[in-house]
Amino acid sequence: MKVATWNVNSLRVRLPQLLGWLAAHSPDAICLQETKCEDATFPAAELAAAGYCSVHNGQRTYNGVAILSRRQGSGVCRGIPRFADEQSRVIAADFDGVRIASVYVPNGQSVGSEKYAYKLRWFEALEAWLASELASHPRLAVLGDFNVAPEDRDVHDPAAWEGNVLFSLPERAALARLMGLGFADGFRLFDQPEKSFTWWDYRMGAFRRNMGLRIDHALLSPELAGRLVACGVDKAHRGREKASDHAPVWVEVSDS
DNA sequence: ATGGTAGAAACTCTA
């Protein structure tokens with residue numbers, strides 16, 4: 001079973017690239033973030049024509065998460081239960097005995113801002129929810145844009161980023177606590193190229209200079225981690241025309 | 001030096 005995650009930065013703008021990626025990689029499921037559209041304008045028909053079912057938690061202009069899948073999901077959950085949030089940042093569903101969650105953690109804007117405080121509160125709610133999800137779903141995969149680089153090696157220039165949003169210690173601690181529930185970082189279960197990132201700013205020629213951060217992650221419950229056979233980043237996408245500022249990340253889980 | 005670019009939407013916000 002191949003599962004991917006991709007912050008598409010507008011689904012309608014990125015639909016041609018998404019359809020191309022699905023045709024080339026044929027994932028069983030893909031988690032999307034920043035669809036930036038309401039459910040009413042979600043391109044379900046075009047995706048169905050490409051062979052994918054979809055579930056969406058959308059909103060106008062900002063945010064928006066979805067899961068596309070070869071087979072129909074069940075038990076769809078929109079948002080973090082019992083956490084009041086006007087922003088559409090979570091959707092989860094069951095696919096052939098695997099619980100998949102697509103998450104879009106708040107960016108946080110800048111350390112000390114109101115949006116940063118919201119990000120830290122949001123992480124606490126996510127952690128509490130995922131603790132109960134882990135207890136009820138042994139095969140749980142949480143994929144998405146976490147907007148946090150976990151370690152120095154996940155940042156092109158850790159000294160320059162130290163203390164900045166996406167790499168500040170409170171954010172890294174929040175992600176570490178969440179991982180402490182028992183999740184594995186799928187990317188680090190395998191040898192990876194040095195300076196592997198998943199996001200590069202559109203500005204200042206950041207991609208050309210590989211000035212990136214690894215902030216998109218695939219977290220696996222212990223049972224799924226034990227079945228993981230590969231994980232990678234499709235960096236090639238980021239160099240193409242009309243690319244998202246994020247590259248797709250994918251994991252391959254053994255079916256047996 | 002607080003820049004630069006992309007997207008949605010509506011003359012500005014978010015990332």
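Order of the sequence lines fixes the chain letters, A, B, ..., with proteins taken first and strands second; residue numbering starts at 1 for each chain.
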Self-check item: Length of the CG-P vector between A/D201 and B/dT2, whole Å
Solution: 17 Å
Which donor-acceptor pairs under 3.5 Å do side chains of residues 75-82 of chain A form with protein atoms, sequence neighbours excluded?
from, atom 1, to, atom 2, distance (Å)
A/R78, NE, A/H56, O, 2.8
A/R78, NH2, A/H56, O, 3.3

Quiz item: Among side-chain atoms of A/D85 and A/W122, is any donor-acceptor pair under 3.5 angstrom?
Solution: yes
Can you check nucleotides 6-9 of chain B for protein contacts, nitrogen or oxygen pairs under 3.5 Å, and list what you find?
from, atom 1, to, atom 2, distance (Å)
B/dG7, OP1, A/R14, NH1, 3.2
B/dG7, OP1, A/R14, NH2, 3.4
B/dG7, OP2, A/K242, NZ, 3.2
B/dG7, O3', A/S10, OG, 3.3
B/dA8, OP1, A/S10, OG, 2.0

Practice problem: Give, ordered by number, those residues of residues 204-218 of chain A having at least one heavy-atom distance below 4.0 Å to an atom of DNA chain B; if nothing qualifies, reply none. | Solution: A/M204
Self-check item: Rounded C1' spacing from B/dA6 to B/dA1 in Å
Solution: 23 Å
Practice problem: Look up atom CG in A/L224 and atom NE2 in A/H137, then write down how far apart they are to the nearest 0.5 Å. | Solution: 12.0 Å
Quiz item: Expressed as a whole number of Å, how far does the C1' atom of B/dA15 sit from that of B/dT2?
Solution: 15 Å
Quiz item: Roughly how many Å is it from CD in A/Q33 to P in B/dA15, rounded to a whole number?
Solution: 14 Å
Exercise. Grab the CZ-C1' distance between A/R203 and B/dG4 for me, whole Å please.
Key: 6 Å
Quiz item: When the C1' atoms of B/dA10 and B/dG4 are considered, how many whole Å apart are they?
Solution: 22 Å
Practice problem: Quick one: name the residues clustered hydrophobically with A/L166, using the 4.5 Å side-chain heavy-atom rule over I, L, V, M, F, W, Y, and just say none if it's on its own. | Solution: A/V111, A/Y116, A/L120, A/V155, A/W161, A/V165, A/F167, A/W199, A/L213, A/I215
Quiz prompt | Length of the line joining A/R89:CZ and B/dT14:P, which is rounded to integer Å | solution = 11 Å
Practice problem: Could you verify whether a donor N or O on one side chain and an acceptor N or O on the other, from A/R70 and A/S26, lie under 3.5 Å apart? | Solution: yes
Self-check item: Spacing between A/Q59 atom CD and B/dC13 atom C1', to the nearest angstrom
Solution: 13 Å
Quiz item: Say you draw a straight line from CZ of A/F183 to NE2 of A/H217; how long is it, rounded to the nearest 0.5 Å?
Solution: 13.5 Å
Quiz item: Using a side-chain heavy atom cutoff under 4.5 Å and only I, L, V, M, F, W and Y, what cluster partners does A/F207 have?
Solution: A/F197, A/W200
Quiz item: Which ILVMFWY residues are connected to A/V13, directly or by a chain of links, through side-chain heavy atoms under 4.5 Å apart?
Solution: none
Quiz item: Taking CG from A/N107 and P from B/dT14, how many angstroms apart are they, rounded to a whole number?
Solution: 11 Å
Practice problem: Go through the side-chain N and O atoms of A/N9 and A/K36 and say whether any donor and acceptor fall under 3.5 Å apart. | Solution: yes
Quiz item: Using atom P of each nucleotide, how far apart are B/dG3 and B/dC13 to the nearest Å?
Solution: 14 Å
Quiz prompt | Nearest-Å distance once atom C1' is located in both B/dC11 and B/dG7 | solution = 15 Å
